[in-house]
Number of protein chains: 2
Amino acid sequence: MKETKLCPRLSKAMELLGKRWTTLILYQLLEGPQRFNEIESALPVSGRLLSERLKELEKEGIVERRVYSEIPIRVEYSLTEKGVALEGAIREIEQWSKDWLK
Amino acid sequence: MKETKLCPRLSKAMELLGKRWTTLILYQLLEGPQRFNEIESALPVSGRLLSERLKELEKEGIVERRVYSEIPIRVEYSLTEKGVALEGAIREIEQWSKDWLK
DNA sequence: TTGAAAAGTTACTTTTTGTAACCTAATGAA
DNA sequence: TTCATTAGGTTACAAAAAGTAACTTTTCAA
C-alpha cells in the first residue's frame with residue numbers, strides 16, 4: 001500500500017464502514033438491539049459474513065454483544081455510544097438515496 | 001442472494017458507497033475538479049481500481065469526466081450535483097472519525 | 001429417536017483487489 | 001536518432017475477500 005496525505009482517521013473509518021454489509025448492519029441495529037438470526041433475516045447477508053462483521057464491530061467498540069443464558073441461548077447485539085454516534089451519517093446516506101436514486 | 005425487506009435504494013446506495021475507495025475518491029473530489037493522476041497520488045489506490053471506480057461513478061451520474069485536448073492530454077473529474085449532494089454524509093463520517101477514532 | 005431452534009463454523013468456489021508491467025501519443029534532451 | 005518523460009490509462013496474474021451450502025452443539029419437546 002502506498003503512503004498518503006489522507007487523514008488517517010477518515011481512512012480508518014472508511015476501512016470499517018466501507019466494508020460490504022457493515023453500514024447496513026449498523027442501520028439495522030438503529031432499530032434497537034437484535035438477535036443474530038433477526039439481523040440475518042433482515043439483510044441479504046450470510047451467517048459467515050454477519051458473524052465476521054459483528055466481531056469486527058465489537059472489537060472496534062461500535063457494537064456490543066450480550067449473551068442471555070436461556071434455553072435456547074439468546075444473543076443480542078446493540079449499538080454502543082460510539083455506534084449510535086454514526087446515526088447522523090447513516091441517516092444522511094439514507095436521505096441521499098431517497099432524493100437521488102431511481 | 002436472498003430476498004430482503006430492506007429499502008432497495010439504501011441498499012443500492014451502500015452497494016456504491018460501500019465499495020472500497022469510492023467514498024475516499026468522492027471526498028477527494030469535494031476539494032474541486034481533479035485530474036486522474038492527482039487523485040491517484042492523493043489516495044493509496046492503484047490506477048486499475050481508480051479507473052474502475054471512476055467509470056462506475058460516472059455511469060451513476062455522480063462524477064463527470066471532462067477531456068481537454070491539450071498536449072499532453074488533460075482529463076478532469078468533478079462531482080455532479082448528485083455527487084455534491086453526498087457532501088453532508090461524507091462530512092458526517094469525517095466528523096465521527098474525528099470524534100471517535102484513536 | 002427424531003426433530004427443531006439458536007448461533008455460529010467449516011469447506012469449497014467465485015469475485016474482487018492488489019501489484020507490476022505495458023501501451024499510446026507527443027515532446028524534448030543527448 | 002535514440003532515449004526518457006508525461007498523461008491517462010489497460011493487461012495479466014497472484015492474493016484476499018465474499019458467496020454458498022452443509023455441518024456443529026446444546027437443549028427440549030413430540
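Below, chain A is the first sequence line, B the second, and so on; all start at residue 1.
Spacing between atom CD of A:Glu38 and atom P of C:dG8 amounts to 13 Å, rounded to whole angstrom units. Separating the CG atom of A:Leu43 from the P atom of D:dA18 is a distance of 15 Å, rounded to the nearest angstrom. Rounded to whole angstrom, the span from the CG atom of A:Leu54 across to the C1' atom of C:dG8 amounts to 11 Å.
In this structure, A:Glu38 has no side-chain hydrogen bond (donor to acceptor under 3.5 Å, both in side chains) partners at least two apart in sequence or on a different chain. The salt bridge (Lys or Arg N to Asp or Glu O under 4.0 Å) check on A:Lys19 picks up A:Glu56, with sequence neighbours excluded. With sequence neighbours excluded, no residue satisfies salt bridge (Lys or Arg N to Asp or Glu O under 4.0 Å) with A:Glu58. For A:Gln95, the side-chain hydrogen bond (donor to acceptor under 3.5 Å, both in side chains) criterion is met by A:Asp99, not counting sequence neighbours. For B:Pro33, the side-chain contact (heavy atoms from CB on, under 4.5 Å) partners at least two apart in sequence or on another chain are B:Glu76, B:Ser78. For A:Arg35, the side-chain hydrogen bond (donor to acceptor under 3.5 Å, both in side chains) criterion is met by no residue, not counting sequence neighbours. By the side-chain contact (heavy atoms from CB on, under 4.5 Å) test, B:Glu92 pairs with A:Ala89, A:Glu92, sequence neighbours left out. With sequence neighbours left out, B:Glu87 forms a salt bridge (Lys or Arg N to Asp or Glu O under 4.0 Å) with B:Arg91.
When the side-chain nitrogen and oxygen atoms of B:Arg20 are compared with OP1 and OP2 of C:dG18, one or more of them lie within a distance under 4.0 Å. Phosphate contact (OP1/OP2 of D:dG9, side-chain N/O of B:Tyr77, threshold under 4.0 Å): present. An OP1 or OP2 oxygen of C:dT17 is reached within less than 4.0 angstrom by no side-chain nitrogen or oxygen of B:Trp21. Residue A:Arg35 places no side-chain N or O under 4.0 Å from the OP1 or OP2 atom of C:dA5.
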Letter per nucleotide, 5' to 3', of nucleotides 23-30 of chain D [B base touched, S only sugar-phosphate touched, - untouched; heavy atoms, 4.0 Å]: ----SS--
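Residues A:Ile73 and B:Leu49 both approach DNA chain C. Their nearest nucleotides, taken by heavy-atom distance, put A:Ile73 toward the 5′ side. Where B:Arg53 and A:Arg74 meet DNA chain C, the nucleotide closest to each residue was compared, and A:Arg74 sits on the side nearer the 5' end.
A salt bridge is absent between B:Glu15 and B:Arg9: the closest approach of a Lys/Arg side-chain nitrogen to an acidic carboxylate oxygen does not fall below 4.0 angstrom. Ion pairing between a basic and an acidic side chain is recognised when a charged N comes within 4.0 Å of a carboxylate O; B:Glu52 and B:Arg20 show no such pairing.
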Short N/O separations, protein against nucleotides 10-14 of chain D, under 3.5 angstrom:
{"unit_1": "D:dT10", "atom_1": "OP1", "unit_2": "B:Lys55", "atom_2": "NZ", "d": "3.3"}
{"unit_1": "D:dT10", "atom_1": "OP2", "unit_2": "B:Ser51", "atom_2": "OG", "d": "2.7"}
{"unit_1": "D:dT10", "atom_1": "OP2", "unit_2": "B:Lys55", "atom_2": "NZ", "d": "3.2"}

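Contacts between residues 58-65 of chain A and DNA chain C, counted as heavy-atom distances below 4.0 Å, involve A:Arg65.
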Can you check side chain to side chain contact (heavy atoms under 4.5 Å, CB included) on B:Leu101 and A:Leu10, steps first, answer last? CA-CA 9 Å; B:Leu101 292 182; A:Leu10 179 60; over 6 Å; no
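Note that the two end axes of the helix from C:dT1-D:dA30 to C:dA30-D:dT1 enclose an angle of 30°, each drawn from 5 base pairs, rounded to 10 degrees.
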